[in-house]
Amino acid sequence: MATPFDQLDGWIWFDGKLVPWKEANIHVLSHGLHYGSCVFEGERAYGGEIFKSTEHSERLKRSAQVLDFEIPYSVAEIDQAKRLVLQKNGQSDAYVRPVAWRGSEMMGVSAQDNAIHLAIATWQWPSYFDPAQKMKGIRLDMAEYRRPDPATAPSLAKAAGLYMICTISKHKAERKGYADALMLDWQGRVAECTGANVFFIRDGAIHTPIADCFLDGITRRTVIELARRRGFEVEERRILPDELERFNECFITGTAAEVTPVSEIGSWRFQPGNMTKVLMEDYAEAVQPKRKAA
């Protein structure tokens with residue numbers, strides 16, 4: 001059995017200082033736990049460098065502002081803290097998790113005077129999916145829950161509360177033997193997976209849903225840029241489920257998933273092909289630290 005995350009060894013950056021891993025605790029009556037006033041980021045370090053660290057820190061700050069609170073550290077300070085905890089834990093290739101939340105001064109819906117906390121942890125985390133299966137393409141179920149109307153939820157924030165339906169959907173998919181689930185938006189159009197963006201390929205062109213009711217992933221933007229550098233056509237548009245039978249390839253992107261081919265979504269089948277393979281390789285090269293000239 002894997003060691004629970006609260007029992008790992010190491011250090012966590014917590015409100016401006018490094019504390020032993022097992023001492024990085026909060027009170028059970030923290031507002032972020034009860035009311036979802038919590039935002040976070042998922043990042044990866046490769047070769048000791050955090051990929052697009054500043055973009056992640058900027059998004060963390062924006063997510064907090066969407067949830068009506070201000071993280072009391074600058075983007076530069078957050079970047080520096082991430083580097084510090086990575087070095088303190090002696091890690092080169094690792095997952096990086098900054099998280100910010102409202103504290104416990106007031107317990108109720110309104111908590112405007114609560115202290116805002118920030119913690120940063122790093123840990124070893126290999127590929128999100130089984131490497132042997134990844135090259136064959138993972139299998140996705142169709143989720144019952146849908147991404148909400150942006151008028152009803154802070155869809156463009158990486159907010160903890162928005163992942164509740166993702167956890168439910170992924171658990172249901174896993175119990176049925178799938179790796180993940182594809183979610184539709186509130187109007188029944190293709191949106192994303194439970195923690196990754198989705199892309200489709202047909203006739204040499206790449207198609208991906210418009211990210212206006214779900215997170216426009218940093219990995220998503222990176223892969224779009226890499227594809228266009230290759231001269232691949234990329235179209236961001238509305239995609240309906242009945243179009244899926246006409247696509248040849250499918251892949252998902254995310255910090256955890258990186259670029260992962262898909263072989264099946266419910267009753268639809270795909271064949272991981274050359275364009276997906278090229279983008280997997282290009283992304284793997286892009287995340288590696290650039291060697292400085294002597």
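What you see below is based on every heavy atom in this structure, not just the backbone, and it leaves out hydrogens, waters and symmetry mates. Just so we're clear, the structure is a prediction, and the values are computed from it rather than from any experiment.
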When you compare the side chain of [Y] with that of [X], does any pair of heavy atoms fall below 4.5 Å?
X	Y	value
Cys250	Ile201	no
His207	Ile239	yes
Val198	Pro209	yes
Tyr283	Thr222	yes
Met275	Glu249	yes

Qualifying ring-ring contact (aromatic ring centres under 6.0 Å, His included) pairs with a residue from residues 88-109, counting only residues at least two apart or across chains: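 Checked against ring-ring contact (aromatic ring centres under 6.0 Å, His included) - neighbours excluded - the pairs reaching residues 88-109 are Phe14-Trp101, Tyr95-Trp123, Tyr95-Trp125, Trp101-His117.
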Donor-acceptor pair, side chain of Arg59 and main chain of Lys158, under 3.5 angstrom: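 Not a single qualifying donor-acceptor pair exists.
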Short side-chain to backbone donor-acceptor contact, Ser169 and Ala143, under 3.5 Å: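 Looks like no, no N/O pair under 3.5 Å.
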Pair Phe247 + Phe199: ring centers closer than 6.0 Å: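 No: the rings miss the under 6.0 Å criterion.
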Short side-chain donor-acceptor distance under 3.5 Å, Ser37 and His31: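 There is such a pair between these side chains.
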Over all atoms of both residues, closest heavy-atom pair of Leu33 and Val28: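 Minimum heavy-atom contact is CD2-O, 3.4 Å.
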Minimal non-hydrogen separation, Ala256 against Arg44, with atom names: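 Minimum heavy-atom contact is O-NH2, 3.2 Å.
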Identified salt bridge (Lys or Arg N to Asp or Glu O under 4.0 Å) counterpart of Asp141 within the set Lys172, Lys170, Lys176: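 Exactly one pass, corresponding to Lys176.
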Matching residue for Asp282 among Arg229, Arg228, Arg230, Lys277 - test: salt bridge (Lys or Arg N to Asp or Glu O under 4.0 Å):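 Running salt bridge (Lys or Arg N to Asp or Glu O under 4.0 Å) over Arg229, Arg228, Arg230, Lys277 with Asp282 returns exactly one hit, Arg230.
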Intermediate values then yes/no, side-chain contact (heavy atoms from CB on, under 4.5 Å), Trp268 and Met142: CA-CA 10 Å; Trp268 297 286; Met142 291 297 297; 4.1 Å; yes
